[in-house]
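See structure below.
Chain letters run A, B, ... following the sequence lines, proteins first, then strands; residues in each count from 1.
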Protein chains: 2
Amino acid sequence: MALRHAVLAALLDEELSGYQLAKVFDLGMANFWHALPQQLYAELTRLEKDGLVTGREVVQDTRPNKRLFTVTDAGLVELERFTEAVTKPSAIRDDLLVKVRAADHVGAEALIGQLTERAGFAQAKIDLFEKLLHTMRGGRTEEEFLRYGDRVGPYLTCLRGLAFEQGNRDWCVRAASALRERAACRSRG
Amino acid sequence: MALRHAVLAALLDEELSGYQLAKVFDLGMANFWHALPQQLYAELTRLEKDGLVTGREVVQDTRPNKRLFTVTDAGLVELERFTEAVTKPSAIRDDLLVKVRAADHVGAEALIGQLTERAGFAQAKIDLFEKLLHTMRGGRTEEEFLRYGDRVGPYLTCLRGLAFEQGNRDWCVRAASALRERAACRSRG
DNA sequence: GATGCATAGTCATGAATATGACTAGTCAGT
DNA sequence: ACTGACTAGTCATATTCATGACTATGCATC
C-alpha cells in the first residue's frame with residue numbers, strides 16, 4: 001500500500017475529480033510522488049470501494065460529467081494509522097546518478113550535457129516551487145505562516161521539494177564543472 | 001531498461017559475485033538506487049545472456065563456489081549509449097512526505113516522532129558518506145582529487161548522496177520544530 | 001469544415017519491483 | 001549437540017507501475 005495514502009492526502013485539501021487529480025497530483029506532491037492518470041483512476045475506484053473516499057456525480061452541460069471525490073472519516077482514520085506506522089526511508093531512483101557513477105568509463109561530453117540539462121530543469125522547478133511557497137504564505141513571513149497559518153502540510157512538502165531541486169542544481173553544476181576541468185587537464189597533459 | 005545499467009555501472013570498478021553485489025549495491029549507488037538480491041541475480045543472468053558481462057566460476061573449498069562478473073566491451077558500449085540517451089528526471093517516492101502533506105489532518109505527535117527518527121537515520125547516512133568520501137580522496141583535498149584522482153564517478157555520486165541526506169536531516173528537523181511550535185501555540189491559545 | 005486541443009475517463013497488457021520461502025554447506029558460540 | 005548467523009544462490013508469486021490505444025463531447029482556430 002503506497003499510492004493509496006498519497007491519493008488520500010491529495011484529496012484532503014480539496015474535492016477533486018480523477019481528471020483534476022491527475023493534473024495536480026505530481027506537482028502537489030512536490031515531485032516526491034508520481035503517478036499516471038490510469039493509476040489514479042484505478043486507485044480512486046478502489047478507495048471508494050473500501051469506503052475511504054466518496055464520489056459525487058456532477059452533471060455538466062458543456063463538458064462531460066465528472067465525479068468529485070472527498071475523503072471520508074474512515075479515510076482519515078486510515079491516514080492516521082498510516083502516519084503512525086513505520087516506513088522505510090525513501091526509495092530514490094535516478095538514471096543520471098547511474099550515468100555519473102560510470103563517469104570514468106564513458107565520454108565526458110555526453111555526461112556534461114546531461115548534467116547541464118538537468119541543472120536547467122532543476123532551476124525551473126526551483127522557480128516554480130518558490131512561487132508556490134510565496135502564494136501559500138500570502139503576505140506573511142515563513143516563520144509567521146508556519147506558526148499561525150492553516151494547512152502547513154503542503155507548504156512543508158513544497159519546502160522539501162525546493163531544497164531537493166536546489167541540491168540537484170548545485171550538484172549538477174559542480175559535477176559538470178569537475179568533469180570539464182578534468183577533460184581540460186587531460187587534453188593539456 | 002533501468003536496473004541493467006545500474007548493475008553495469010556497479011561492476012565497472014570491481015569484479016563481483018551476485019552475492020557481493022547484493023551487499024554493496026545500495027550503498028555503492030549512494031542510496032540512489034535500490035534492488036533486492038533476487039533482482040540482481042536475475043539481472044546478472046540476463047546481462048550475461050546478452051553478452052554485456054561475463055562470469056567466471058571461482059571454486060572455493062571452505063565456502064560455496066561463486067561466479068565473479070566483469071563488464072565486457074559490449075557492456076561498455078551499451079553504457080555509453082545509455083549515457084547519451086535522454087532520461088526523464090528522477091522519480092522519487094517517499095512515504096514520509098505523504099505523511100507530512102497530511103499534517104493538518106492527523107495527530108502531530110506521531111508525525112514529529114517519524115520526522116525525528118528520519119533525521120537520526122539521515123545523520124547516520126551523513127556520517128557514513130563523509131567517511132566514504134574521506135577514504136576515497138585519501139590524503140588529497142576534494143579539489144585536488146576531483147582534478148587528478150582516478151575514478152571520480154563514485155565520488156561524485158556519493159557527494160550527491162551526502163547532500164541529499166543533509167537536505168533530509170535539515171528538513172526533518174525544521175518540519176518537526178514547526179509542528180512542535182504549532183502544537184504549543186494551540187495548547188496555549 | 002477539418003484539424004487540433006481540452007475535458008473526462010476506460011481497457012488491456014507488459015515490464016519492473018517486492019514478498020516469502022527454500023537449498024546447502026561453514027563457522028562460532030553455548 | 002544444538003542454535004543461529006554467514007556465504008551463495010534459486011524459485012514462485014503478488015503487487016505496483018508504465019505503455020499505448022480508445023471513446024466521447026465541446027471549443028477554438030485556421
Side chain Arg93(B), main chain His34(A), donor-acceptor under 3.5 Å: yes
Selection from dA8(D), dT17(C), dT19(C) that lies nearest to any side-chain heavy atom of Leu3(B): dT17(C)
From CA spacing to verdict: salt bridge (Lys or Arg N to Asp or Glu O under 4.0 Å), Glu165(A), Arg169(A): CA-CA 6 Å; Glu165(A) 292 297 349; Arg169(A) 180 199 55 193; over 6 Å; no
Residue Gln39(A), side-chain atoms from C-beta onward, closest of dT19(C), dG9(D), dA18(D): dA18(D)
Residue-phosphate contact under 4.0 Å: Lys23(B) side-chain N/O, dA8(D) OP1/OP2: no
Spacing of Arg67(A) atom CZ relative to dT10(C) atom P, expressed in whole Å: 9 Å
Spacing of His34(B) atom NE2 relative to dC17(D) atom P, expressed in whole Å: 13 Å
From Lys131(A), Gln123(A), Lys125(A), residue fulfilling side-chain hydrogen bond (donor to acceptor under 3.5 Å, both in side chains) relative to Asp127(A): Gln123(A)
Nearest-Å distance for atom pair CG/P, residues Asp61(B) and dA8(D): 12 Å
Atom pair distance, as rounded to whole Å: CG in Leu40(A) and P in dC17(D): 11 Å
Residue-phosphate contact under 4.0 Å: Tyr19(A) side-chain N/O, dG9(C) OP1/OP2: no
5′-ward residue of the pair Leu68(B)/Arg93(B) relative to DNA chain D: Leu68(B)
Touch class at under 4.0 angstrom, heavy-atom based, for Gln38(B) against every strand present: base
Short side-chain N/O contact to dT25(D) OP1/OP2 from Thr62(A), under 4.0 Å: no
Between dT15(D) (P) and Glu43(A) (CD): distance, integer Å: 13 Å
Tyr155(B) and Phe145(B) aromatic ring geometry - parallel, tilted or perpendicular at 30°/60° bounds: tilted
Distance, rounded to the nearest Å, where Arg63(A) contributes CZ and dC27(D) contributes C1': 9 Å
Phosphate OP1/OP2 of dT10(D) contacted by Tyr41(B) side-chain N/O (<4.0 Å): no
Whole-Å gap separating P (dT10(C)) and CG (Leu44(A)): 9 Å
Side-chain N,O (Gln60(B)) to OP1/OP2 (dA8(D)) below 4.0 Å: yes
Result of checking Val7(B), Leu8(B), Val53(B), Leu21(B) against Glu43(B) for side chain to side chain contact (heavy atoms under 4.5 Å, CB included): Val7(B)
Gap between atoms NZ and C1', on Lys66(B) and dG25(C) respectively (whole Å): 15 Å
